[in-house]
Amino acid sequence: MSAAAAAQSQAVLSCPLLDWFARHARDLPWRRDRTPYRIWLAEVMLQQTQVDTVIPYYERFLARFPTIAELAAAELGDVLKVWEGLGYYARARNLHAAARQVVARSAGRLPGSYDELLVLPGVGRYTAGAVASIAFGQHVVAVDGNARRVLCRVFAVTGDVTRSSVQRELEELAVGLLPCGRAGEFNEALIELGATVCTPRAPRCGECPLAGECQAYVGGDPEPLPVRRPRRRVPHYDVAAAVTLRDGHVLVAQRKVEDMLGGLWEFPGGKREEGETLPECLAREMREELGVEVKVEEVLTVVKHAFTHFRITLHAFTCQLTSGEPSCLDCAAFRWVAPADLEGLPMSVADRKVAAALQAAQGQAPDLPLHGNPS
DNA sequence: AATGCGGGGGT
DNA sequence: ACCCCAGCATT
């Protein structure tokens with residue numbers, strides 16, 4: 001293709017897209033005040049997370065940590081607490097670590113180039129491209145899952161999009177469309193189109209500014225694209241957790257930072273092995289994790305919870321310590337806390353439900369689950 | 001280049 | 001019940 005022809009095909013798609021975006025862009029919190037920190041924070045929160053879920057977290061996070069310097073100065077536990085419920089907690093750990101790097105190395109100024117951004121923990125190809133183009137006006141692409149879907153349909157790309165070779169191919173196609181001086185706007189527009197019009201199911205092609213140029217639409221059936229390898233079935237596990245009470249305090253453990261849900265607090269316990277009863281499992285886990293013997297009493301609550309790659313049924317039992325004092329054999333820390341103080345600790349959604357059940361049980365009948373409470 | 005990581009929303 | 005999502009780090 002000649003340079004002139006390439007320029008024309010670039011404009012044929014980007015012009016109607018930019019025009020559509022100017023008329024249909026949603027009013028989102030991170031589109032109001034486009035400082036680099038706010039764009040960066042939004043992009044990290046939006047990784048694998050939908051807009052409506054992110055908005056309240058974004059507002060709370062900014063209210064609590066208004067600047068990179070204030071984020072860097074915070075304790076990780078406080079950052080995780082604000083992140084609680086949003087998931088993918090490595091994002092919060094990486095964001096915090098990156099803020100500290102930025103403060104230490106460049107006085108709290110986020111670097112403005114794609115290559116420098118890419119080095120920060122938690123910043124990959126997409127986020128580096130988004131921040132560089134949207135916050136700093138750099139001429140780079142930012143291709144996320146929404147943009148990939150649009151590009152697959154427009155260019156009839158039938159390869160498996162979970163393969164990195166196909167992802168690179170899509171990025172190259174996006175590069176070919178990038179208009180000079182309006183890269184950030186273009187990237188946002190492509191993503192917005194994927195999020196609101198070119199949806200995974202039942203795309204609204206009648207409202208799409210690219211329909212006439214879309215190979216999948218012209219071919220008659222855009223919905224099957226993009227193609228991806230079928231996912232594996234997720235296994236299910238039964239997990240036991242101990243609500244151990246003594247003197248009006250409950251025992252909680254902090255997960256090791258390198259583990260899944262690292263740095264969060266939980267009611268200690270673990271996965272039931274083959275041929276094991278739940279109380280046997282819990283007694284074993286308490287020995288292995290904390291070096292104590294417990295008497296497993298009654299079921300406090302049962303919580304079902306889905307992770308990406310497995311599901312659990314979490315059985316929380318009230319327990320009594322029968323021998324030994326806790327020590328951290330397989331956790332980062334442990335603590336005895338008053339039930340009312342559980343709210344201050346960052347926990348996953350499943351453990352938070354157990355904490356709520358404990359408080360509800362005590363609110364109903366303060367003595368009942370507290371066999372060891374001397375009061 | 002493939003895989004593990006949370007949680008929620010849409011259909 | 002699935003499917004998918006403003007992806008990244010690790011292997």
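Chain naming here is simple, since letters A, B, ... match the order of the sequence lines and numbering starts at 1 in each.
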Colleague: Does OP1 or OP2 of C/dC8 have a side-chain N or O of A/T127 closer than 4.0 Å?
Modeller: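 True: A/T127 side-chain N/O within range (under 4.0 Å) of C/dC8 OP1/OP2.
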
Colleague: C/dC8 P sits how many Å from A/R125 CZ, rounded?
Modeller: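 The answer, rounded to whole Å, is 10 Å.
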
Colleague: Separation of A/Q167 atom CD from C/dC8 atom C1', in whole Å?
Modeller: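 From A/Q167 CD to C/dC8 C1': 11 Å.
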
Colleague: Look at A/R163 and B/dA2 and indicate whether a side-chain polar atom (N or O) is within less than 4.0 Å of OP1 or OP2.
Modeller: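 It does, given that an N or O in the side chain of A/R163 lies less than 4.0 Å from OP1 or OP2 of B/dA2.
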
Colleague: What's the CZ-C1' distance between A/R311 and B/dC5, to the nearest Å?
Modeller: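 Between C1' of B/dC5 and CZ of A/R311: 16 Å.
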
Colleague: From CG of A/D259 over to C1' of C/dT10, roughly how many Å is that when rounded to an integer?
Modeller: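 Answer to the nearest Å: 14 Å.
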
Colleague: How would you label the contact of A/G85 with the nucleic acid (heavy atoms, under 4.0 Å): base, sugar-phosphate, or nothing?
Modeller: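 Sugar-phosphate only.
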
Colleague: A/T199 near the nucleic acid: base, sugar-phosphate alone, or nothing, with a heavy-atom cut-off under 4.0 Å?
Modeller: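 No contact at all - A/T199 keeps every heavy atom at 4.0 Å or more from the nucleic acid.
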
Colleague: Counting the atoms with a prime plus P, OP1 and OP2 as sugar-phosphate, which does A/V54 contact under 4.0 Å by heavy atoms, base, sugar-phosphate, or nothing?
Modeller: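 If one applies the 4.0 Å heavy-atom cut-off, A/V54 turns out to touch nothing in the nucleic acid.
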
Colleague: Any base atoms under 4.0 Å from A/L28, or only sugar-phosphate, or nothing? Heavy atoms, all strands.
Modeller: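 Contact class for A/L28: base.
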
Colleague: Considering only side-chain heavy atoms of A/R201, which listed nucleotide, B/dA2, B/dC5, C/dC3, is closest?
Modeller: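 The closest nucleotide is C/dC3.
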
Colleague: More than 12 non-hydrogen atoms from neighbouring residues, nucleotides or ligands closer than 6.0 Å to OH on A/Y114, yes or no?
Modeller: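 More than 12 heavy atoms, drawn from other residues, nucleotides or ligands, come within 6.0 Å of this atom.
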
Colleague: Measure the distance from NZ on A/K256 to P on B/dC5 and round it to the nearest whole Å.
Modeller: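 A/K256 atom NZ is separated from B/dC5 atom P by 15 Å.
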
Colleague: Return the 5'-most residue of the pair A/D52, A/L264 with respect to DNA chain B, ranking by each residue's nearest nucleotide.
Modeller: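 Between the two, 5'-proximity favours A/L264.
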
Colleague: So what does A/T162 hit on the nucleic acid, given a heavy-atom distance under 4.0 Å: a base, only sugar-phosphate, or nothing?
Modeller: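 Touches nothing.
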
Colleague: Which part of the nucleic acid, if any, lies within contact of A/W83, taking any heavy atom under 4.0 Å across all strands shown: a base, the sugar-phosphate backbone alone, or nothing?
Modeller: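 Counting heavy atoms under 4.0 Å across all strands, no contact is made by A/W83.
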
Colleague: In residues 334-348 of chain A, what donor-acceptor pairs under 3.5 Å come from side-chain atoms, sequence neighbours left out?
Modeller:
none

Colleague: Out of C/dG7, B/dG4, B/dG7, which nucleotide sits closest to the side chain of A/H309?
Modeller: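 Side chain of A/H309 sits closest to B/dG4.
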
Colleague: Answer with yes or no whether the side chains of A/R182 and A/S14 bring together a donor and an acceptor at under 3.5 Å.
Modeller: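 Side chains of A/S14 and A/R182: no pair found under 3.5 Å.
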
Colleague: Go through the side-chain N and O atoms of A/E70 and A/T67 and say whether any donor and acceptor fall under 3.5 Å apart.
Modeller: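 The answer is yes; a qualifying pair exists.
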
Colleague: Answer with base, sugar-phosphate or nothing: what part of the nucleic acid does A/R149 contact at a heavy-atom distance below 4.0 Å?
Modeller: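 Sugar-phosphate contact only.
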
Colleague: Across the strands shown, which category fits A/R255 at heavy-atom distances under 4.0 angstrom: base, sugar-phosphate, nothing?
Modeller: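 A/R255: no heavy atom of the nucleic acid under 4.0 Å.
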
Colleague: Check the distance between C/dA9's P and A/Y89's OH and give it to me in whole angstrom.
Modeller: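 Whole-Å distance recorded here is 19 Å.
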
Colleague: Counting any heavy atom closer than 4.0 Å, what does A/R229 reach on the DNA or RNA strands: base, sugar-phosphate only, or nothing?
Modeller: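 Sugar-phosphate contact only - A/R229 comes under 4.0 Å of backbone atoms but never of a base.
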
Colleague: Which part of the nucleic acid, if any, lies within contact of A/T53, taking any heavy atom under 4.0 Å across all strands shown: a base, the sugar-phosphate backbone alone, or nothing?
Modeller: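 It contacts sugar-phosphate atoms only.
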
Colleague: With nearest nucleotide decided by heavy atoms, which residue, A/Y88 or A/S164, maps closer to the 5′ end of DNA chain B?
Modeller: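 Upstream on the strand: A/S164.
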
Colleague: Are the side chains of A/Q167 and A/R148 in touch, meaning some heavy atoms are under 4.5 Å apart?
Modeller: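 Sidechains of A/R148 and A/Q167: in contact.
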
Colleague: Take atom CZ of A/R148 and atom C1' of C/dC4, then tell me their distance rounded to the nearest Å.
Modeller: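 Checked: the CZ to C1' distance equals 12 Å.
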
Colleague: Reading DNA chain C from 5' onward, which residue's closest nucleotide shows up sooner: A/P121 or A/Q50?
Modeller: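 Looking at DNA chain C, the more 5' nearest nucleotide goes with A/Q50.
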
Colleague: Rounded to whole angstroms, how far apart are CZ on A/R228 and C1' on C/dC3?
Modeller: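 My rounded result for the distance is 9 Å.
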
Colleague: Side-chain donor-acceptor pair under 3.5 Å between A/E43 and A/Y126, yes or no?
Modeller: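 A donor-acceptor contact under 3.5 Å links the two side chains.
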
Colleague: Please determine whether the number of non-hydrogen atoms from other residues, nucleotides or ligands lying under 6.0 Å from atom CZ of A/R31 exceeds 12.
Modeller: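 For A/R31, atom CZ is crowded (more than 12 foreign heavy atoms under 6.0 Å).
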
Colleague: Would one find a side-chain N or O of A/Q48 under 4.0 angstrom from OP1 or OP2 of C/dC5?
Modeller: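 Checking A/Q48 against C/dC5: no side-chain N or O falls below 4.0 Å of OP1 or OP2.
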
Colleague: Closest-nucleotide mapping onto DNA chain C: is A/R31 or A/L118 further toward the 5' terminus? I mean the 5' end.
Modeller: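 Nearest-nucleotide comparison on DNA chain C picks A/R31.
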
